[in-house]
S.K.: 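Structure in structure tokens, see below.
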Amino acid sequence: MTSLPISSSTVVNGKEPFRRNHQNKDKTVKKDASELKLIQGDPEMNRQTTTTKKQHFQGAFLFSLAFAVAYPIPPAFAQRESGDQPLVQSAAHWAWQNPLPQGNHLFGLSFTDANNGTAVGLHGTILRTTDGGHHWIIQSSGKTNWLYGVSFVDANNGTAVGVNGTILKTADGGQSWVSQTSGTTNALLAVSFTDANTGTAVGENGIILRTTDGGASWVSQASGTTNNLNAVSFSDTNNGTAVSWYGIIIRTTDGGAHWLSQRSGTGEFLYGVSFTDANNGTAVGEDGTILRTTNGGIRWFHQASGTTNFLWGVSFADANNGIAVGAEGTILRTTDGGNTWVSQTSGTTQSLIGASLIGANAGATVGFLGTILHTANGGTSWVSQSSAVTIVSLEDVSFSDANNGTAVGDFGTIVRTIDAGRTWVSQTSPSSNTLLGVSFTDANTGTAVGEFGTILRTTDGGNTWVQQVTRRNNDLWGVSFADADHGTAVGSGGRILTTRDGGNTWIRQSSGTGVPLTGVSRTDANIGTVTGGAGIILRTTDGGNNWVPQVSGTLNDLLRVSFTDANSGTTVGQFGTILRTTDGGTNWVPQQSGTTELLTGVSFTDVNHGMVSGVFGIILRTTDGGETWVLETTPTDYDLSRISCTGANNGTAVGYGGSIFRREAVR
């Protein structure tokens, strides 16, 4: 389904990067309509996706996370193939610290009354509330498959559907979810139950599945179309409607024994449908399309939505009261069956996908980056039930000790914690340029670097950040300080800048290459290592007066490097590459990562203990200097940009959409 990775800048085989325009609405994760089409597998977008994916695997390494816009993946192919994963998984727990309660995209929502509701989304995410959304609890689905639709008939009985024919059933309000056999590998995009036993799921390639025994068995029905069915709504056991691309609407009055095409009067793609009885129903779709029927679809007529934004979801509580939600935080409300639609203030610019209205007043909607909104007054006010210190992509993170850490990212974003991430606060940045690297040597002293030669410095834990002048416009992608005074920054065009006075002056040093340099690790005032495109590794033992090339043994791009002393270091990069040295880089030895995916960050706390971050939520951990790498269990498919470890068991990873994760393992 939708994708969602990395990057404003890309190096291919060590050549200068092309720049994706990451300073636009898409980069701030305000998704446009074309991206959302991927949720339902729009064919034209899928073709574009295939091309992008090929480019990625042909050698692009990516820095600034733009997971979903620059690199979309259609529904059936959203997950990594199991063969690309390390074979062993750790039981370690990585928990969301930002956004909260979690930040995975949410696609489906079902409330049965004003209190009980369930939302589903990316990476098998299931959230549950029993108090009208004041508190949302993450439930274990037992799956990492993306879930697109959910339907509850009462507080206890519900079904969720998703990628690869996934069907999950609960009879206890989600305390336990049981996998059911669907008989298909097509993505199931929506589901509608009318009682605990009777339900219908629809999805890719026109698939329709029906159960009359609570999902113990699912039977395929003939839809009459091979287009994706994006939404379905049954008002009773017999009467149901599904919608698709190109204005396709199909209808059954006999529980799906027969599905008949209806004339919609539009060619627009339709993504949501809601019926309250056999006659009254509403469908919504692209370009603000709203269609209404009062005779079971014999005739559909257009209603004025007042917007051209894509509408992704619709929910009616009765024939008169309904809401429609969509792109850029759009919420529309009607109390007269859609004769008039009134725009409501959502307070968000995130795309809203799922909606559920209970009665005239209580309703909720969910969407991108874990957005949850709730109303108790018919939408006069919508209250956010999710929170985030930032939702822009974070590009690097640095902890000076177990408690004090700083993350930086797009648009000059800087966030800070002094309590191991239990709380994160935003700091004032003097620059709006994307910050790509950060290094702290103690709780107070740190430096951040980024686009257009940006260098920022703090000596008071980030209460104030001061811009330092380099008179260089090259992007700086990495920075490392050995102590408060001695540091090195690296970037495009083979740029190396070094300071010996805490950044009061920065001196350009000769790298001997024009290849982009992205990773740097300084262990003391004299010794440092730099990595970059086409497998380049440079080493200095005299504070950077001379940078000497080392033999990496690879042409893969190397993104980051971490040394714990003058001799022991690890670098990671393209195609799952991990290289290790124990002799200061005289010899670099490949290690088995167990993956061919892009590895984006590495952090070691001593010669044995280290962690690696990567795309698709990959985190690897070693306790033996990389002799073995174990795949950690993470709660997302979002791409992770960097990682910072403060002990053998403690680590913090950051990435797309302001994601911050903390390792909560005791071993």
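Nothing here was measured: the structure is a model prediction, and the numbers come from that model.
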S.K.: May I have the step-by-step check of side chain to side chain donor-acceptor pair (under 3.5 Å) for W629 and Q592, ending in yes or no?
M.R.: CA-CA 7 Å; W629 287 93; Q592 295 299 315; over 6 Å; no
S.K.: List the steps, then state whether side chain to side chain contact (heavy atoms under 4.5 Å, CB included) holds for C645 with M611.
M.R.: CA-CA 7 Å; C645 300; M611 301 183 195; 3.5 Å; yes
S.K.: Starting at OG1 of T523, measure out to CG of D483 and round the result to the nearest 0.5 Å.
M.R.: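 Reported to 0.5 Å precision, the distance equals 10.5 Å.
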S.K.: Does the Q550 side chain pair with the main chain of G584, one donor and one acceptor, at a distance under 3.5 Å?
M.R.: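 Yes, the answer is positive, given that a donor and an acceptor are paired below the 3.5 Å cut-off.
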S.K.: Measuring only between side-chain heavy atoms, which start at C-beta, is F616 closer than 4.5 Å to H123?
M.R.: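 When only atoms from C-beta onward are counted, H123 and F616 do not touch, as no gap falls below 4.5 Å.
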S.K.: Side chains of I578 and T570, heavy atoms from C-beta outward: is any pair under 4.5 Å?
M.R.: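 In short, these two side chains touch, coming nearer than 4.5 Å.
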S.K.: Between R662 and F399, is NZ or CZ placed under 6.0 angstrom from the six-membered ring centre and within 45° of the ring axis?
M.R.: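 Geometry flag: set, cation within 6.0 Å and 45°.
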S.K.: Restricting to non-hydrogen atoms, name the atom on S393 and the atom on G657 that form the minimum distance, rounded to 0.1 Å.
M.R.: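 Closest approach of S393 to G657: OG-N, 3.3 Å.
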S.K.: List in chain and number order the residues that pass side chain to side chain contact (heavy atoms under 4.5 Å, CB included) with Q467, two or more places apart in sequence or in another chain; answer none if no residue qualifies.
M.R.: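 Testing Q467 for side chain to side chain contact (heavy atoms under 4.5 Å, CB included), a comparison that skips the adjacent residues, returns P430, S431, T454, L456.
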S.K.: Taking the side chain as everything from C-beta on, heavy atoms only, tell me whether I537 gets closer than 4.5 Å to W588.
M.R.: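 Of all side-chain heavy-atom pairs linking W588 with I537, at least one is under 4.5 Å.
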S.K.: Nearest 0.5 angstrom please: D637 CG to T125 OG1, how far?
M.R.: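 Spacing of CG (D637) from OG1 (T125) equals 8.5 Å.
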S.K.: Which pair of heavy atoms, one from T628 and one from D624, lies closest together, and at what distance?
M.R.: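 Between these two residues, the closest heavy atoms are OG1-OD2, 2.7 Å.
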S.K.: Side chains of T531 and I536, heavy atoms from C-beta outward: is any pair under 4.5 Å?
M.R.: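 No, their side chains stay 4.5 Å or more apart.
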S.K.: Show the nearest heavy-atom pair for residues G576 and S593, with the distance to one decimal.
M.R.: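 Here G576 and S593 meet closest at O-OG, 2.7 Å.
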S.K.: Identify the two heavy atoms, one from G124 and one from S141, that lie closest to each other, and give their separation to 0.1 Å.
M.R.: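 Closest heavy-atom pair between G124 and S141: O-OG, 2.7 Å.
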S.K.: With the side chain counted from C-beta on, respond yes when S568 and T581 share a heavy-atom pair under 4.5 Å apart, and no when they do not.
M.R.: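 The answer is no, as the side chains (C-beta and beyond) never meet within the 4.5 Å cut-off.
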S.K.: Say whether, by atom type as modelled, one donor and one acceptor occur between the side chain of S603 and the main chain of S644 under 3.5 angstrom.
M.R.: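 Absent.
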S.K.: Among side-chain atoms of T600 and S613, is any donor-acceptor pair under 3.5 angstrom?
M.R.: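 S613 and T600 do have a side-chain donor-acceptor pair below 3.5 Å.
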S.K.: Any side-chain heavy atom of V602 sitting closer than 4.5 Å to one from S562?
M.R.: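 Side-chain contact under 4.5 Å: yes.
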S.K.: Could you grab the distance from atom OG1 of T390 to atom CD1 of I414, nearest 0.5 Å is fine?
M.R.: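 Here the rounded value is 11.5 Å.
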S.K.: Hey, are N104 and T636 close enough side-chain-wise for a donor-acceptor pair under 3.5 Å?
M.R.: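 Yes, side-chain donor-acceptor contact under 3.5 Å.
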S.K.: Any cation-pi pair here, R500 with F481, using under 6.0 Å and within 45°?
M.R.: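 No, R500 does not sit over the ring of F481.
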S.K.: Using a distance-only test with no angle check, is there a side-chain donor-acceptor pair under 3.5 angstrom linking S641 and E395?
M.R.: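 No - no donor-acceptor pair under 3.5 Å links their side chains.
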S.K.: Between H93 and F661, is the ring centroid distance below 6.0 Å?
M.R.: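 They do not qualify: ring centres at least 6.0 Å apart.
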S.K.: Is it the case that atom CD1 in I418 sees more than 12 heavy atoms from other parts of the structure closer than 6.0 Å?
M.R.: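 It does not: I418 CD1 has 12 such atoms or fewer within range.
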S.K.: Kindly give the heavy-atom pair with the smallest separation between R560 and L436, and that separation in Å.
M.R.: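 Shortest heavy-atom contact: NH2-O, 3.1 Å.
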S.K.: What heavy-atom pair brings L631 and I618 nearest, and what distance separates the two atoms?
M.R.: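 Shortest heavy-atom contact: CD1-CG2, 4.4 Å.
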S.K.: What is the distance from atom OG of S351 to atom CZ of F368, rounded to the nearest 0.5 Å?
M.R.: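 Atom-to-atom, S351:OG and F368:CZ are 5.0 Å apart.
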S.K.: Backbone N or O of Q427 within a donor-acceptor pair of the R416 side chain at under 3.5 Å?
M.R.: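 It does not hold such a pair.
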S.K.: Judged by atom type as modelled, is there a donor-acceptor pair below 3.5 Å linking the side chain of Q97 to the main-chain atoms of S659?
M.R.: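 No; judged by distance alone, with no hydrogens or angles, the pair does not exist.
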S.K.: Step by step, would you call F440 with D442 a side chain to side chain contact (heavy atoms under 4.5 Å, CB included)?
M.R.: CA-CA 6 Å; F440 271 74; D442 56 52; 5.7 Å; no
S.K.: For the CD atom of Q574 and the CD atom of E597, what is their distance to the nearest 0.5 Å?
M.R.: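 Those atoms lie 11.5 Å apart.
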S.K.: Find out whether E632 and L620 are in side-chain contact, i.e. whether some heavy atom of one side chain is under 4.5 Å from a heavy atom of the other.
M.R.: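 They are not in contact (no side-chain heavy atoms under 4.5 Å apart), so the answer is no.
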S.K.: We want to know whether T577 and N556 form a side-chain donor-acceptor pair, criterion being a heavy-atom distance below 3.5 angstrom.
M.R.: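 Yes, N556 and T577 have a side-chain donor paired with an acceptor closer than 3.5 Å.
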S.K.: Could you go through T488 and T498, starting from their C-alpha distance and side-chain angles, then the distance that decides it, and tell me whether this counts as side chain to side chain donor-acceptor pair (under 3.5 Å)?
M.R.: CA-CA 4 Å; T488 296; T498 291; 3.2 Å; yes
S.K.: Cation over ring, R522 on F563, under 6.0 Å and within 45°?
M.R.: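 Not flagged: R522 not positioned over aromatic ring of F563.
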S.K.: Would you say N546 and R539 are linked by a side-chain donor-acceptor pair, where the criterion is simply a distance under 3.5 Å?
M.R.: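 No pair is found: no donor N or O on one side chain lies under 3.5 Å from an acceptor on the other.
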S.K.: Decide yes or no on side chain to side chain contact (heavy atoms under 4.5 Å, CB included) for F604 and H609, but give the supporting numbers first.
M.R.: CA-CA 6 Å; F604 271 73; H609 295 86; 5.8 Å; no
S.K.: For D501 and T499, test the side chains for any donor-to-acceptor distance below 3.5 angstrom and give the result as yes or no.
M.R.: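 There is such a pair (donor and acceptor under 3.5 Å, judged by atom type) between the side chains of D501 and T499.
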S.K.: Under 3.5 Å, is there a donor on one side chain and an acceptor on the other for D401 and N404?
M.R.: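 Yes, a side-chain donor-acceptor pair sits under 3.5 Å.
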S.K.: Please check this pair: side chain of D396 against backbone of V408, looking for a donor-acceptor N/O pair closer than 3.5 Å.
M.R.: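 The answer is no, because no donor-acceptor pair under 3.5 Å joins these two groups.
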S.K.: Taking N474 as the fixed residue, which of R508, E451, R495 is the one that meets the side chain to side chain contact (heavy atoms under 4.5 Å, CB included) rule?
M.R.: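 Of the listed residues R508, E451, R495, the side chain to side chain contact (heavy atoms under 4.5 Å, CB included) partner of N474 is R495.
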S.K.: List the steps and the verdict of side chain to side chain contact (heavy atoms under 4.5 Å, CB included) for L598 and L559.
M.R.: CA-CA 9 Å; L598 178 68; L559 269 70; 4.1 Å; yes
S.K.: Rounded to the nearest 0.5 Å, how far apart are CG of L369 and OG of S386?
M.R.: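 Here the interatomic distance stands at 9.0 Å.
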S.K.: Compute whether any side-chain donor of one residue and acceptor of the other, for Q509 and W547, lie under 3.5 angstrom apart.
M.R.: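 Their side chains do contain a donor-acceptor pair, which is all the 3.5 Å distance test asks for.
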S.K.: Any side-chain donor-acceptor pair under 3.5 Å between T447 and S439?
M.R.: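 The criterion, which ignores hydrogens and geometry beyond distance, is not satisfied for S439 and T447.
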S.K.: Donor-acceptor check, side chain of S511 to backbone of I496, threshold 3.5 angstrom: yes or no?
M.R.: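 Checking the backbone N and O of I496 against the side chain of S511, no donor-acceptor pair under 3.5 Å is found.
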S.K.: Strictly distance-based, threshold 3.5 Å: is any side-chain N or O of R580 a donor or acceptor partner for the main-chain N or O of G626?
M.R.: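 Answer holds: no.
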S.K.: Is there a side-chain contact between V612 and L599, using heavy atoms and a 4.5 Å cut-off?
M.R.: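 Contact flag for V612/L599 side chains = yes.
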